[in-house]
Amino acid sequence: MELCTYKINIRGTVQGVGFRPFVYALSQRYLVTGTVSNNSKGVEIILNTDTLTLKQFLIALEYEYPLLATVDSIQHCEVDYLHFDSFDIIQTQDSDQITANIPPDVSICQECENELFNPQNRRFGYPFITCTHCGVRYSIIYDLPYDREKTSMKFFVMCKLCEEEYNNPLDRRYHAQPIGCHDCGPKLQLLDNKAKEVKTLTNEIDTTVALLDEGKIIALKGVGGYHLVCDATNKSAINELRKRKRRPTKPFAVMVRDISMAKELAFISTKEEELLVSKERPIVIVQMKDKSSDEIAPGISKIGLFLPYTPLHLLLLDNLNYPLVATSANVTDEPICTNLASLEKLQNVYDYVLNHNRDIVNGCDDSVLMVVKEQQVMLRRARGYAPVCIELPFALKEKVLALGANQKSTIAIGFENQVILSPHIGDLDSISSLEYYEKNIDSLERIYKFSPEVIAYDMHPKYESTKIANKIMQKHTSIVAKVVQHHHAHILAVMAEKKMTSKVFGVAFDGTGYGDDGMLWGGEFLVCDCEDYERVASIEYFKLLGGAKAIKEPKRVALSLLFSLYDKAVFSLVNPTIKEFSTLELHTYYTAWEKGLNAPLSSSIGRVFDSVASLLGVCQVMSFEGESGMLLEELFDSSVTGAYTFSYENSKIDILPMFDALLGEKDISIAVSKFFHTLVEIIAVVYKPYNLPLVLSGGVFQNRVLLDLVLERFPKAIISNVIPPNDGGISLGQVMATMNMSRDK
Ligand code: ZN
Ligand code: ZN
Ligand code: FE
């Protein structure tokens with residue numbers, strides 16, 4: 001058959017995942033000549049072959065590509081004839097706009113795990129064993145294209161054996177950038193909390209195991225940062241960690257040795273098991289079996305479990321008979337610690353550090369997921385999933401930088417039909433988190449050689465992200481601004497993930513977000529498309545006594561609602577909320593409420609949850625975000641039916657009648673259950689006249705019970721699965737809002 005030359009372009013996550021050696025192996029199988037290389041858009045193959053072999057080659061590409069790759073498209077065309085004597089992997093070429101994806105960090109693969117525990121293997125017990133199919137990527141990358149010289153592995157010189165593997169296209173470690181071994185790669189180091197090296201008896205792992213057995217708290221260097229770990233069955237160790245970290249009640253995540261240990265602790269569905277053992281190895285929130293010990297998650301029957309994802313974790317847990325509490329090492333409100341210098345602030349929290357000398361370039365928390373009605377719900381999108389490229393259903397006219405919100409912030413850059421979404425950055429409440437946030441912007445811009453033409457940001461004038469937007473625009477006056485309403489962005493994030501562009505009916509149940517009337521929205525019903533929204537209904541405003549303080553203190557919101565209901569009669573009421581205030585305070589707050597002093601208006605469903613929790617005596621002051629909702633979940637009784645009344649007139653939903661009825665309820669569980677049903681009923685009543693897809697978003701939909709009930713009632717309702725429903729999705733929604741923006745207009 002006649003030989004022709006073909007060019008094949010593959011786009012997707014195809015770099016740093018063993019794609020070129022895979023193509024090389026195919027060339028040997030089909031006896032073809034040509035080249036394969038990485039370029040700024042993905043992988044390019046030049047092939048001399050006949051049409052029949054080309055067909056087979058393309059099928060093999062499509063169905064056999066490496067585990068870690070994701071393929072968005074494979075395109076081929078015939079080009080002018082070129083002659084080749086062999087098939088070669090040729091060097092990466094640099095070019096302008098990078099559009100290839102940064103590969104995320106994934107867990108150790110089965111083959112490496114087998115070698116890790118095989119005494120005959122030269123990497124037996126090596127805590128950094130890796131290959132092209134597994135291990136760190138994003139967290140060690142300074143720049144694209146993904147080559148060893150552009151990662152923190154550049155400081156390690158390969159030994160002869162490693163180099164041979166690295167250069168052999170038929171080896172599993174061909175161009176595995178983090179390759180190393182006992183002789184040449186990163187090494188462990190055990191330090192005390194003064195950063196002094198500790199002498200070990202046998203090795204660092206054995207000594208660490210002995211320390212954990214004694215109940216010590218260890219800072220353990222992982223992939224995207226340090227964890228604080230201790231024996232999860234040792235109550236006094238956990239209480240000590242809570243005390244030292246000043247974290248009285250917020251649940252801890254727990255790392256288990258394997259899936260069978262997970263099943264001893266919790267009920268795990270097939271879908272949850274799939275996620276736990278997946279190559280991303282997220283934390284999955286599951287139902288605990290035994291609630292007799294309350295240290296890990298006080299008052300809460302759910303537990304966040306995850307499996308070891310690095311060889312180091314495997315070596316540790318293989319030597320332990322118990323699971324480990326493993327929580328991100330960070331100061332409250334600050335980003336995860338990624339080096340010894342930042343970890344120093346926690347030296348009163350940990351006793352020892354199990355450290356190593358491979359630098360973490362890009363910090364990245366653990367991802368957190370749950371499963372509701374067989375659907376994956378992302379709660380924190382980070383390690384394993386981020387950064388990831390989301391394909392839009394249209395091409396952007398301009399290059400967009402979206403700055404997200406102020407809590408659980410993420411940033412996104414958009415160009416052509418792609419959006420690159422950063423991992424979870426965190427709340428912008430401290431100087432170091434702001435620095436970390438700006439570093440993330442710089443990294444994405446540098447790695448993608450990207451400079452924005454449009455900046456999309458939240459409407460809230462006081463968000464740190466808004467201030468940064470203004471700062472950037474002052475420096476670059478040609479950049480166009482796009483202000484996006486918070487809840488519009490929430491709905492748009494789901495639309496982006498689901499590739500929807502026509503009108504939807506969006507329900508945004510949220511903590512807070514700045515409304516276009518300057519009020520704090522959060523119980524919104526929006527009919528919207530990418531460009532615009534109409535607020536067709538919302539929760540009737542109530543007053544947040546004490547402004548920002550009301551967000552942490554459910555009792556303040558509850559008191560305000562009591563004033564709305566009963567006015568001065570509140571003074572003679574007896575209930576759990578009133579008990580929290582002195583007579584003097586009641587009178588002071590009444591005046592503040594009546595005159596609207598430091599009492600901004602809000603329609604937030606998040607605050608409605610808080611007030612229910614306060615009125616029923618479940619939670620008066622929260623020690624972590626979302627606590628009231630989690631505690632209410634615990635009280636839900638699925639056998640209770642029926643909802644409370646509310647009124648819906650002139651686009652306003654008045655929920656005071658619900659509170660009035662709720663206060664008369666004798667059984668807390670019945671009250672809580674009927675409250676959940678009332679929220680579902682509100683959605684049903686408002687949505688009824690609209691013949692549009694129903695889209696749900698906003699932080700309140702992280703509530704498992706509410707989401708489950710709404711999906712039960714509306715099985716076709718659309719939620720996001722890869723983007724969090726909380727503010728972590730806002731930046732993606734903001735990019736979506738710039739669909740038709742063009743500077744020429
Ligand atoms: Zn591997
Ligand atoms: Zn080596
Ligand atoms: Fe929000």
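Whatever order the structure lists them in is the order used to number ligands and atoms, beginning at 1. Just so it is clear, the model here is predicted, and its values are computed rather than measured.
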message = Check this for me: does any side-chain nitrogen of one of Lys160 and Glu163 sit under 4.0 Å from a carboxylate oxygen of the other?
response = no

Angle subtended at the Zn ion (ligand 1) by Cys131 SG and Cys109 SG, to the nearest 10 degrees, is 110°

For His486, the N, O or S atom at the shortest distance from the Fe ion (ligand 3) is NE2

### Query
For Asp727, what is the atom name of its N, O or S atom nearest to the Fe ion (ligand 3)?
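When I compare the N, O and S atoms of Asp727, OD1 is nearest to the Fe ion (ligand 3).
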
Hey, what's the ring geometry for Trp521 with His487, parallel, tilted or perpendicular (30° and 60° as the breaks)?
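Geometry flag for His487 against Trp521: parallel rings.
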
- Task: May I ask you to decide if the ring planes of Phe676 and Phe609 are parallel, tilted or perpendicular, using 30° and 60° as cut-offs?
- Result: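 The arrangement is perpendicular - the two ring planes meet at more than 60°.
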
Within the 6.0 Å centroid threshold, strictly below: His182 and Tyr126: yes

- So, Tyr687 versus Phe714, ring centres under 6.0 angstrom or not?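 They qualify: ring centres under 6.0 Å apart.
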
Checklist entry - For atom NZ of Lys552, is the number of surrounding heavy atoms from other residues, nucleotides or ligands below 6.0 Å larger than 12? => result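 Open.
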
With rounding to 10 degrees, His490 NE2, the Fe ion (ligand 3) and Asp510 OD2 define an angle of 90°

Would you say the Zn ion (ligand 2) has Cys162 as a near neighbour, meaning an N/O/S atom of that residue under 2.8 Å away?
yes

Within 2.8 Å of the Fe ion (ligand 3), is there any N, O or S atom belonging to His487?
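Checking His487: none of its N, O or S atoms is under 2.8 Å.
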
Q) Short check: any N/O/S atom of His133 below 2.8 Å from the Zn ion (ligand 1)? A) no

TODO: Give a rough value, rounded to 10 degrees, for the angle at the Zn ion (ligand 2) between atoms SG of Cys181 and SG of Cys159.
DONE: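 Vertex the Zn ion (ligand 2), arms to SG of Cys181 and SG of Cys159: 110°.
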
